[in-house]
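Here the structure is laid out as structure tokens; the discussion comes afterwards.
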Number of protein chains: 2
Amino acid sequence: MSSADSNTPASNANRDHDHDHGKCVAEALASAERVCEAQGARLTPQRRQVLELIWRSHVPVGAYEILDAMRDGGRRADPPTVYRALEFLAGLGLIHRISTRNAFIGCSHPMSEHRAQVLLCDGCGQATEIEIGTIAQGLTDGAADLGFAIADQTVEASGLCRSCQSTAH
Amino acid sequence: MSSADSNTPASNANRDHDHDHGKCVAEALASAERVCEAQGARLTPQRRQVLELIWRSHVPVGAYEILDAMRDGGRRADPPTVYRALEFLAGLGLIHRISTRNAFIGCSHPMSEHRAQVLLCDGCGQATEIEIGTIAQGLTDGAADLGFAIADQTVEASGLCRSCQSTAH
DNA sequence: CTCATAGACGTTATGTTATAACATTTTATG
DNA sequence: CATAAAATGTTATAACATAACGTCTATGAG
Ligand SMILES: [Zn+2]
Ligand SMILES: [Zn+2]
Ligand SMILES: [Zn+2]
Ligand SMILES: [Zn+2]
């Protein structure tokens, strides 16, 4: 993964409402397989299905929505099944938990180490992952000034995306 | 409240584990009364009690902990009672919800408009509110570059405070 | 191939957080 | 006092998450 960079995960930040989502999904699944292989982890059919269900859209999806979708698909499932898969996927950085929504989104660029920073649209519900280095660094530095050592960061903002601003009238 | 600034709410950021917490509480309650008066809102005994319970420490407190404490105090209470008070207090900026913990803390400087930015210690559990303007601004600007208009921000970081770093060995 | 092991998954039950809906009481005000 | 608005009481349930333990399955050693 150090040679060609034909995929441009950062382009997700500029994603429009009518983008080629099939590409998002394909890239996400390909990345997932690479990450799992690299980590010696197993992307079982069940885990893969949960990842696919999360990637059905860019709208954060709750654990029980996933559960319902799995049942709709004929598969027997219970909460622990879903939460285990979510824990596995989050552990590998393949998904992010959105704390303010109790929901999950697929990570747009799971191959690179990063802190999740997310924009949440109150109009369409879509989440957009961004990566503003100065925020992560500013937070780390600001905390360090107080003697606080940051281990993990959560940065979530809500508002209106470009499309939903033009729609609102 | 525009004249003397004898209280230094920002000093909370440097708060030690053995600070004068009585002062924190006294200031918080005084601020609450001022804010309520300014807004024409009523700080009823029940709301005041919830605020006091939240201010028992700097550790974020869950709604049901508050509920239990109210019942311990002999008062009859049910979940909606607590959640209504929390909603009221949060609406006035007197408390902040900590999304990553499903819990609440008292706001250290409710008189000034601000976005909550919080450091959460995994050791002692205490929350420290900080205010790094460049983060709020960087987030707003970074989002604006994508055409996204931010209405609300959540910034939470976990790690170890100074005291808990020295303790850990 | 058989067995031991570890990881994944199934299953049941329960814990935890939050809100809907409607009744009643309190407070402010004319 | 009459009235309306705000606050609170009350019951029930929705929504989110995990504990605990049993079973299955892939894998590798012997
Ligand atoms: Zn997409
Ligand atoms: Zn939108
Ligand atoms: Zn204090
Ligand atoms: Zn600490």
Side-chain angles (χ1 to χ4, degrees), chain A residues 32-33 35-37 39-54 59-71 73-92 94-105 120 125 154 156, chain B residues 32-33 35-37 39-54 59-71 73-92 94-105 120 125 154 156:
Chain A
E33 270 161 16
V35 168
C36 284
E37 175 148 18
Q39 304 292 315
R42 294 167 49 201
L43 188 64
T44 63
Q46 198 154 224
R47 289 165 174 172
R48 185 187 175 92
Q49 184 186 17
V50 169
L51 184 59
E52 285 172 345
L53 288 170
I54 288 173
V59 178
V61 57
Y64 278 71
E65 288 178 72
I66 295 170
L67 185 55
D68 290 343
M70 290 177 81
R71 286 172 167 166
R75 186 189 291 267
R76 169 132 181 61
D78 284 296
T81 301
V82 175
Y83 281 101
R84 280 171 186 149
L86 291 172
E87 183 180 21
F88 171 85
L89 295 168
L92 291 177
L94 298 172
I95 63 173
H96 293 299
R97 178 166 208 281
I98 309 299
S99 295
T100 53
R101 307 290 167 102
N102 293 328
F104 302 82
I105 58 168
L120 298 160
T154 298
E156 298 173 18
Chain B
E33 270 161 16
V35 168
C36 284
E37 175 149 19
Q39 305 291 316
R42 292 168 50 201
L43 187 63
T44 63
Q46 198 155 224
R47 289 166 173 172
R48 186 188 175 94
Q49 184 187 16
V50 169
L51 184 59
E52 286 172 345
L53 288 170
I54 288 174
V59 178
V61 56
Y64 280 74
E65 289 179 71
I66 294 170
L67 186 56
D68 290 343
M70 289 177 81
R71 286 171 167 166
R75 186 188 290 265
R76 169 135 181 58
D78 285 297
T81 300
V82 174
Y83 281 100
R84 281 171 186 149
L86 291 172
E87 183 180 20
F88 171 86
L89 295 168
L92 290 177
L94 298 173
I95 62 173
H96 292 301
R97 178 167 205 279
I98 309 300
S99 296
T100 54
R101 307 289 167 101
N102 294 327
F104 301 82
I105 59 167
L120 297 159
T154 298
E156 299 173 17

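Just so it is clear: chains get the letters A, B, ... in the order the sequence lines come, proteins before strands, and each one is counted from 1.
Heavy-atom minimum distance, A/Ile54 versus A/Phe104: CG2-O, 4.0 Å. In this structure, A/Ala63 and A/Val82 approach most closely via the heavy-atom pair O-CG1, 3.5 Å. When all heavy atoms of A/Leu94 and A/Ala32 are compared, the pair lying nearest together is CD2-CA, 3.7 Å. Closest of all the heavy-atom pairs between B/Ala90 and B/Ile95 is N-CG1, 3.5 Å.
Judged by closest nucleotide on DNA chain D, B/Thr44 is the one of B/Thr44 and A/Phe104 placed further toward the 5' end. Heavy-atom nearest nucleotides on DNA chain C were determined for A/Tyr64 and for A/Phe88, and the one closer to the 5' end corresponds to A/Phe88.
Looking at A/Gln39, its side chain never comes within 3.5 Å of a backbone N or O of A/Leu92 through a donor-acceptor pair. Panel note: side chain A/Gln49, backbone A/Met70; no donor-acceptor pair is recorded below 3.5 Å. With hydrogens and angles ignored, the 3.5 Å screen pairs no side-chain donor or acceptor of B/Arg47 with any backbone N or O of B/Leu89. No donor-acceptor pair closer than 3.5 Å links the side chain of B/Glu156 to the backbone N or O of B/Leu120.
Distance A/Glu65 CD to D/dA14 C1': 14 Å, rounded to the nearest Å. In this structure, A/Arg47 atom CZ and C/dG7 atom P are separated by 11 Å, rounded to whole Å. In this structure, the CG atom of B/Leu86 is 15 Å from the P atom of D/dA7, given to the nearest Å. Counting to the nearest Å, the C1' atom of C/dA8 and the CG atom of A/Leu43 are 13 Å from each other. Rounded to an integer number of Å, the gap from CE of A/Met70 to C1' of C/dG10 is 12 Å. Rounded to whole Å, the distance from CG on B/Leu67 to P on D/dT8 is 15 Å. The distance between atom CD of A/Glu87 and atom P of D/dC16, rounded to the nearest whole Å, is 18 Å. Here D/dC16 presents its C1' atom at 13 Å from CG of A/Asp68, a figure rounded to the nearest Å.
Stacking between A/Tyr83 and D/dT18 is absent: the aromatic ring centre is not both under 5.5 angstrom from the base six-membered ring centre and within 30 degrees in plane angle.
Taking every heavy atom of residues 74-82 of chain B and every atom of DNA chain D, pairs under 4.0 Å involve B/Arg76, B/Asp78, B/Pro80, B/Thr81, by number.
Every residue was checked against the salt bridge (charged side-chain N to carboxylate O under 4.0 Å, His left out) condition with B/Glu37, not counting sequence neighbours, and none meets it.
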> When you check every protein heavy atom under 4.0 Å of nucleotides 25-30 of chain C, what one-letter string (B, S, -) results, 5' to 3'?
Replying inline: --S---
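An OP1 or OP2 oxygen of C/dC9 is reached within less than 4.0 angstrom by no side-chain nitrogen or oxygen of A/Arg84. For A/Gln46, no side-chain nitrogen or oxygen approaches OP1 or OP2 of C/dA8 to under 4.0 Å. Contact between the side-chain N/O atoms of B/Arg101 and the OP1/OP2 oxygens of C/dT17 is not found at any separation under 4.0 Å.
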